[in-house]
Amino acid sequence: MKKYLISAVSLCSIIILSACSNEKSKNLPDGKLNPCTIRFSWWGGDDRHKATLDAIELWNKIHPEIEIVPEYGGWDGWTEKVSTQLSGGTAPDIMQINYDWLISFSPDGKGFYDLSKLSEHLDLTVFDSDILSFGKVDNILNAVTVSVSGRGMFYNSDVYRRLNAEYPKTWNELFELGEKFRGEDIYPIDLDIQSGGTAWYLAVVYVQQQTGRIFLSMDGELGFTEEDIKLALDFYKELENKHVIRTIDIRTDEDGSAALYQSPKFIDGTIAGVLEWGSSVGKYEMALPEGLLEAGPMLSDDNGNSTGWMIKPSVLYAISKDTKYPDEAAAFMNFLLNDEKCAEVLGTTRGIPASHTAEKSLELSGKLQGLVQENDILLENLDTITISPYMELARMKSFYNDAIEKVSYEKANTSEAAHEMYISINEYLERIRR
């Protein structure tokens, strides 16, 4: 992605303690690479897991003396797993981290290793300064952005063709599809609330587009009024009422706790569309026959106003502040970020690389293509908003999902749920900003 709104806010299960032949004194870099075993953790879908394991295999052929131990899994519960590791001093040497973890785990900039001290093995010159700013806290470089991404609309092309339906361009067209698909007992899209605020994300886009107000500022100030939150919940409830998405009750009965890309209803075409990060859409692609999933327009109002859509660092890489082997960790991180052959192996499983070297390698190899690139191009043509890292905090997501669940199960009307959510968010944000 070539244009951004710049922010000032600038770990499946093997536990092996890192052990190198020569421990570094006080975990300071000395510029040398010694034989060792270091741990690397990430979350994602099967496409990302396979590509990353292949990349590790490539690294081990080049550096057999530095063994990489992989730790990986799905997103659900991953933040809690890492939080436990960090607090217990058992965190992996290198971690794929989420944007909000900088606030949660490094509010003073000292929660992760200062990557600016590792320039001997980590080349940061191939990143734009605005991209690097995403990983800074108090001007300390805690993490490096792997890619920048936004959520997009993706559709089962076979279902849409069979029902003689066009991909929606506006919110009203989306609502009309719900009524059109109802007779076939098919839903035009669904929203995976288990993944952490997907439903709320779409509602926020809608309200930001309608009002021009931004949900959260970069420094954690709530920009929505209580009425704006009610409008967002009204929008969500209308999606259910007009058969655009399943109710939470129906989704739970049919899917249990499975993520949407694992749902039999998505795989068999009963769910004909999803809202997903461009950098993570590969797991949905893999669940369907090749070429079936297609990117659709970014929804706008009837006047063509398409503002309100959001972008963020899809994932970042950080190094544990407690690692005994910062040089080796930095060298492997550099391999993941900048090595040309590694870039070809990883492809776009984490989005289009922010590293100019990696992006160029994908372009030359013809691998800079597919849904990730299509979604990226769609977002480039919009006046996007950079997501506040506060929006993705786990506690914030609980507020969104609690309100949506109450409205979906009709345990509260939208006014009541909006009032409770408005008060809860304001109190929480005020507390954590102190």
Side-chain angles (χ1 to χ4, degrees), residues 1-10 40 42 44 48 51-52 54-56 58-59 62-63 94-99 102 112-136 139-150 152 277-282 311-319 329-382 384 386-387:
M1 208 172 289
K2 305 302 181 187
K3 64 178 183 179
Y4 311 97
L5 293 181
I6 307 307
S7 129
V9 180
S10 327
F40 170 47
W42 73 92
R48 182 179 295 176
T52 308
D54 288 345
I56 291 173
L58 177 60
W59 165 271
I62 302 170
H63 291 283
I94 308 157
M95 292 164 274
Q96 173 182 294
I97 72 168
N98 206 39
Y99 189 27
L102 295 171
F112 297 105
Y113 207 99
D114 182 357
L115 300 180
S116 66
K117 297 179 179 179
L118 301 174
S119 58
E120 185 76 20
H121 297 292
L122 180 59
D123 184 6
L124 300 174
T125 65
V126 294
F127 293 85
D128 293 336
S129 60
D130 57 339
I131 295 295
L132 291 176
S133 72
F134 284 122
K136 290 183 179 180
N139 209 35
I140 300 172
L141 187 62
N142 279 217
V144 178
T145 298
V146 179
S147 68
V148 176
S149 183
W277 297 105
S279 57
S280 298
V281 72
I311 60 170
K312 68 157 191 170
S314 55
V315 294
L316 306 93
Y317 289 145
I319 293 176
F332 181 64
M333 181 187 288
N334 188 74
F335 173 79
L336 290 172
L337 290 167
N338 300 322
D339 184 88
E340 295 179 2
K341 290 183 179 179
C342 182
E344 293 181 26
V345 172
L346 291 174
T348 56
T349 56
R350 287 177 175 82
I352 296 177
S355 161
H356 295 310
T357 300
E359 182 183 21
K360 186 66 174 178
S361 176
L362 288 186
E363 185 179 352
L364 292 174
S365 66
K367 293 187 177 182
L368 198 60
Q369 58 185 346
L371 293 183
V372 177
Q373 185 188 36
E374 291 173 24
N375 187 65
D376 196 68
I377 292 171
L378 288 168
L379 287 165
E380 278 184 17
N381 294 320
L382 303 181
T384 53
T386 299
I387 296 176

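Sequence positions, counted from 1, serve as the residue numbers for this chain.
Among the candidates Thr145, Leu122, Leu346, the single residue satisfying the side chain to side chain contact (heavy atoms under 4.5 Å, CB included) test with Leu337 is Leu122. With respect to Val148, the side chain to side chain contact (heavy atoms under 4.5 Å, CB included) criterion is satisfied by exactly one of Asp130, Ile352, Ile131: Ile131. Here the rule is side chain to side chain contact (heavy atoms under 4.5 Å, CB included) with Ile311, and of Ile387, Leu379, Leu382 only Leu379 fits it.
The closest side-chain heavy-atom distance from Ile56 to Phe332 is below 4.5 Å. Contact annotation: the side chain of Phe134 never approaches that of Phe127 to less than 4.5 Å [non-hydrogen atoms, C-beta and beyond]. In this structure, the side chains of Tyr99 and Thr386 come closer than 4.5 Å at one or more pairs of heavy atoms. By the 4.5 Å heavy-atom criterion applied to side chains, Trp277 and Lys312 are counted as neighbours. At a threshold of 4.5 Å between non-hydrogen side-chain atoms, the residues Trp42 and Arg350 count as touching. The shortest distance between side-chain heavy atoms of Met333 and Leu118 does not fall below 4.5 Å.
Nearest heavy atoms, Ala331 versus Trp59: O-CZ3, 3.8 Å. Considering all non-hydrogen atoms of both residues, Gln96 and Tyr317 come closest at CA-CD2, 3.9 Å. Nearest heavy atom pair, residue Val372 against residue Gly278, reads CG2-O, 3.1 Å. Nearest heavy atom pair, residue Leu316 against residue Gly135, reads CD2-CA, 4.0 Å. When every heavy atom of Ser147 is checked against every heavy atom of Gly351, the shortest pair comes out as OG-CA, 3.7 Å. The two residues Ile94 and Ala329 have their closest heavy-atom pair at CD1-O, 3.5 Å.
The CG atom of Asp376 sits 10.0 Å away from atom OG1 of Thr348, with the distance rounded to the nearest 0.5 Å. Note that CG of Leu364 and CD of Glu344 are 8.5 Å apart. Values are rounded to the nearest 0.5 Å. The CG atom of Leu141 lies 12.5 Å from the OH atom of Tyr113; values are rounded to the nearest 0.5 Å.
With Asn142 contributing its side chain and Ala318 its backbone, the two residues share no donor-acceptor pair below 3.5 Å. Under a 3.5 Å cut-off, the side chain of Ser149 and the backbone N or O of Ser279 do form a donor-acceptor pair. Here the side chain of Lys367 pairs no donor or acceptor atom with the backbone of Gly347 at under 3.5 angstrom. No donor-acceptor distance shorter than 3.5 angstrom exists from the side chain of Glu363 to the backbone of Leu368, with no hydrogens or angles considered.
Taking the side chain to side chain donor-acceptor pair (under 3.5 Å) definition, one finds that Asn334 meets it with Asn338, sequence neighbours left out. Evaluation of the side chain to side chain donor-acceptor pair (under 3.5 Å) rule for Ser129 yields no partner, not counting sequence neighbours. For the side chain to side chain contact (heavy atoms under 4.5 Å, CB included) test, residues two or more places apart in sequence or in another chain that qualify with Leu371 are Phe154, Val281, Glu285, Leu293, Ala295, Glu374.
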